[in-house]
Amino acid sequence: MDRGVYDIKNKFTFRSKTEKGLTEEIVRQISKEKDEPEWMLESRLKALKIFNEKTNPEWGPDLSEVDMDEITTYIRPDADMSDDWKNVPAEIRDTFDKLGIPEAEKEFMLSGVGAQYDSEVVYHNIQKYLSDQGVIYTDFETGLKKYPEIVKKYFSKCITPNLHKYAALHYAVWSGGSFVYVPKGVNVDIPLQSYFRLNAPGAGQFEHTLIIVEEDAYCHFIEGCSAPKYNVINLHAGAVELFVGENATLRYSTIENWSRNMYNLNTKRAIVEKNGKIEWVSGSFGSKVSMLYPASILVGENASSEFTGISFAGEGQNLDTGAQVVHAAPHTKSTINTKSISKSGGIAIYRGLVEIKENAVGAKNSTSCESLMLDSKSRSDTIPTIKIENNDIDIGHEAKIGRISDSVIFYLMSRGISEQEAREMVVRGFAEPIAKELPMEYAVEMNNLINLELVGAIG
């Protein structure tokens, strides 16, 4: 079935790549290809050992189909990184043109853009007015080479390879990604965006994103992801490490649109200091299986977290998503607001964690989960975990599961609207609270993805 622009397949070409599988030799080859410092190679090898020792989680979707012997972990595209779109090879540039990335930058809807193709970043640029204020926005490899002290201080401190099997896999074979540093008091008023495109069949993408927002600063970062459909398994196991300083705010928006041969096993975490705020806006579409639970660790007094997310599971999809919040300081606040839509036998699960530590007196949390099932074959579950270690807290959890009302559809049809249009209107209305949190062009993209799902023409 045609997904239009998202299913563009370029000829599979590369400058270099590893063999399929995951061995010490392959990990060493990746590190050598990148000319990394010795400490990074040691980090990779330790993570490989942890990966081999850990087993797949037994509490979520079945991951037995993920066979690392059949996955290529590193593919360097036949392109060098450039800050000029004209220097990006025509076929790759044409793909990003169709996705609208250069146009958004040209019209100044984005103040910085990174574009990754398979395992490496092929384009990166930031507006001069931001770099003049000390803002750093570059690919992660350049960040490692040019700012080694900063990277070493923060790398793997928010997400460790011990967290779970696929976090360990990430740290063994990571490649590409973004490095962002926003100095004290700087306001990045127009969003930065990194877009990750996986073109190769039977491959993995393991980008590492590290964002540091210093005291009294603000940043909005947007992540976009997509891949064409193949008849073999692809794997995404990136990592996003976010550090939010005192009185700082970071908004992290994601629209993930993987094809239905993708296992999306991404890990995202934020550490938030005193009076800091993390805002997550997340849209999960496509992929065969997703296991994604962005986590906020509130370590400073009055730190706060807001999570707003939507997922759409169609035929053959198991989207196991949610959010995690750890209140580890007094008077911290968090809200979780999720919506899921399922159709044609799709499975949409909310799996969340709210943990309030003993010292987090006065902590407040509100969680709301709403699920809309479009037929009797689909499934939706809410699986919350709540851990409370002190009594001076305010916490609430609400969950709703329902179907589209026949009377609503009948009413709309009586006003001259077709049944298909009526159903689309109801679903878009259900998703509207998420769409309004996105910049206009991304809200339009999300509505387009919903329309594709509704007509069964996705992946």
Side-chain angles (χ1 to χ4, degrees), residues 14 16-57 60 63-77 116 118-121 139-145 148 151-179 196 198 200 202-210 225 227 232-241 258 262-269 289-293 295:
F14 55 88
S16 63
K17 71 179 184 70
T18 58
E19 295 298 319
K20 290 182 178 180
L22 182 60
T23 64
E24 182 177 327
E25 290 70 28
I26 285 173
V27 170
R28 289 183 178 276
Q29 180 184 345
I30 295 171
S31 187
K32 184 177 180 181
E33 179 95 20
K34 296 176 176 297
D35 191 26
E36 291 176 343
E38 187 65 26
W39 71 265
M40 183 59 78
L41 174 59
E42 291 175 5
S43 169
R44 289 183 183 274
L45 294 175
K46 287 178 182 176
L48 176 63
K49 184 174 183 293
I50 294 169
F51 173 80
N52 288 329
E53 291 170 350
K54 285 188 175 291
T55 58
N56 282 331
L63 301 181
S64 61
E65 194 177 16
V66 179
D67 182 358
M68 290 308 300
D69 290 337
E70 297 299 321
I71 297 289
T72 304
T73 55
Y74 179 78
I75 299 169
R76 179 180 287 277
Q116 179 164 331
D118 289 337
S119 297
E120 294 291 354
V121 175
D139 66 292
F140 193 76
E141 279 89 347
T142 299
L144 177 60
K145 287 182 170 62
V151 170
K152 192 171 183 179
K153 178 181 177 182
Y154 290 97
F155 181 75
S156 79
K157 301 301 189 298
C158 187
I159 299 170
T160 71
N162 284 302
L163 186 62
H164 57 77
K165 186 176 180 69
Y166 293 93
L169 172 64
H170 169 84
Y171 280 107
V173 297
W174 72 265
S175 183
S178 298
F179 174 66
F196 303 102
L198 182 58
Q205 195 167 59
F206 308 98
E207 78 283 351
H208 193 90
T209 297
L210 175 60
C225 319
V232 293
I233 293 300
N234 277 15
L235 174 62
H236 179 230
V240 175
E241 297 190 286
W258 300 112
M262 176 69 78
Y263 276 75
N264 181 26
L265 310 177
N266 213 8
T267 308
K268 300 179 180 182
R269 274 194 160 196
V289 169
S290 280
M291 296 180 73
L292 179 60
Y293 323 98

Examine the side chains of [X] and [Y] and answer whether a donor and an acceptor come within less than 3.5 Å of each other.
X: His170; Y: Thr267; value: no
X: Asn266; Y: Tyr166; value: no
X: Glu36; Y: Ser31; value: yes

Q: Can you spot which of Lys34, Gln29, Lys17, Gln205 makes a side chain to side chain contact (heavy atoms under 4.5 Å, CB included) with Tyr74?
A: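 So the option named by the test is Lys34.
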Closest non-hydrogen atom pair between [X] and [Y], with its separation:
X: Gly176; Y: Val121; result: CA-CG2, 4.4 Å
X: Ile75; Y: Ala203; result: CD1-CB, 3.7 Å
X: Glu33; Y: Ser16; result: OE2-OG, 2.9 Å
X: Pro161; Y: Ala47; result: CB-CB, 4.1 Å
X: Lys157; Y: Lys152; result: NZ-O, 3.2 Å
X: Leu198; Y: Ala227; result: O-CB, 3.3 Å

Q.
Tell me whether the rings of Phe140 and Trp174 are parallel (<30°), tilted (30 to 60°) or perpendicular (>60°).
A.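 Rings of Phe140 and Trp174: perpendicular, over 60°.
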Is a side-chain N or O of [X] found less than 3.5 angstrom from the main chain of [Y], in a donor-acceptor match?
X: Glu241; Y: Ile159; answer: yes
X: Asn234; Y: Gly202; answer: yes
X: Asp69; Y: Gly21; answer: no
X: Glu19; Y: Thr72; answer: no

Q: Compute the centroid of each ring, for Tyr171 and then for His208, and state whether the two points are separated by less than 6.0 Å.
A: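 Yes, the ring of Tyr171 comes within the 6.0 Å limit of the ring of His208, centre to centre.
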Do the side chains of [Y] and [X] get nearer than 4.5 Å, heavy atoms only?
X: Asn56; Y: Val66; answer: no
X: Gln116; Y: Asp139; answer: no
X: Tyr263; Y: Glu65; answer: yes
X: Thr73; Y: Val27; answer: no
X: Pro37; Y: Met40; answer: yes

Q: Please test Glu70 against Val232 for side-chain contact (heavy atoms from CB on, under 4.5 Å), starting from the C-alpha separation and ending with a verdict.
A: CA-CA 9 Å; Glu70 297 299 321; Val232 293; over 6 Å; no
Inter-residue atom distance [X].[atom1] - [Y].[atom2], 0.5 Å rounding:
X: Ser119; Y: Phe196; atom1: OG; atom2: CZ; value: 12.0 Å
X: Asp118; Y: Ser175; atom1: CG; atom2: OG; value: 10.0 Å
X: Asn264; Y: Met291; atom1: CG; atom2: CE; value: 10.5 Å
X: Phe179; Y: Tyr154; atom1: CZ; atom2: OH; value: 9.0 Å
X: Ile233; Y: Leu63; atom1: CD1; atom2: CG; value: 10.5 Å
X: Met262; Y: Leu235; atom1: CE; atom2: CG; value: 7.5 Å

Q. Got more than 12 heavy atoms from elsewhere within 6.0 Å of NZ, Lys54?
A.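 Enclosed.
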Q: Could you pull out all residues at least two apart from Glu53 that satisfy side-chain hydrogen bond (donor to acceptor under 3.5 Å, both in side chains)?
A: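 Here the qualifying residues are Lys49.
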Q) Is the NZ or CZ atom of Lys165 positioned over Phe51's six-membered ring, under 6.0 angstrom from the centre and within 45° of the axis? A)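 Yes, Lys165 lies over the aromatic ring of Phe51.
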Q | Criterion side-chain contact (heavy atoms from CB on, under 4.5 Å) on Leu210 and Val240, from CA distance to verdict | A | CA-CA 6 Å; Leu210 175 60; Val240 175; over 6 Å; no
Q: Kindly indicate, with the supporting measurements, whether the criterion side-chain contact (heavy atoms from CB on, under 4.5 Å) is fulfilled by Glu207 and His236.
A: CA-CA 9 Å; Glu207 78 283 351; His236 179 230; 2.8 Å; yes
Q: Determine, for Glu24 against Arg28, whether the closest basic-nitrogen to carboxylate-oxygen distance falls under 4.0 angstrom.
A: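 Judged by the 4.0 Å cut-off on N to carboxylate O distance, Glu24 and Arg28 do form a salt bridge.
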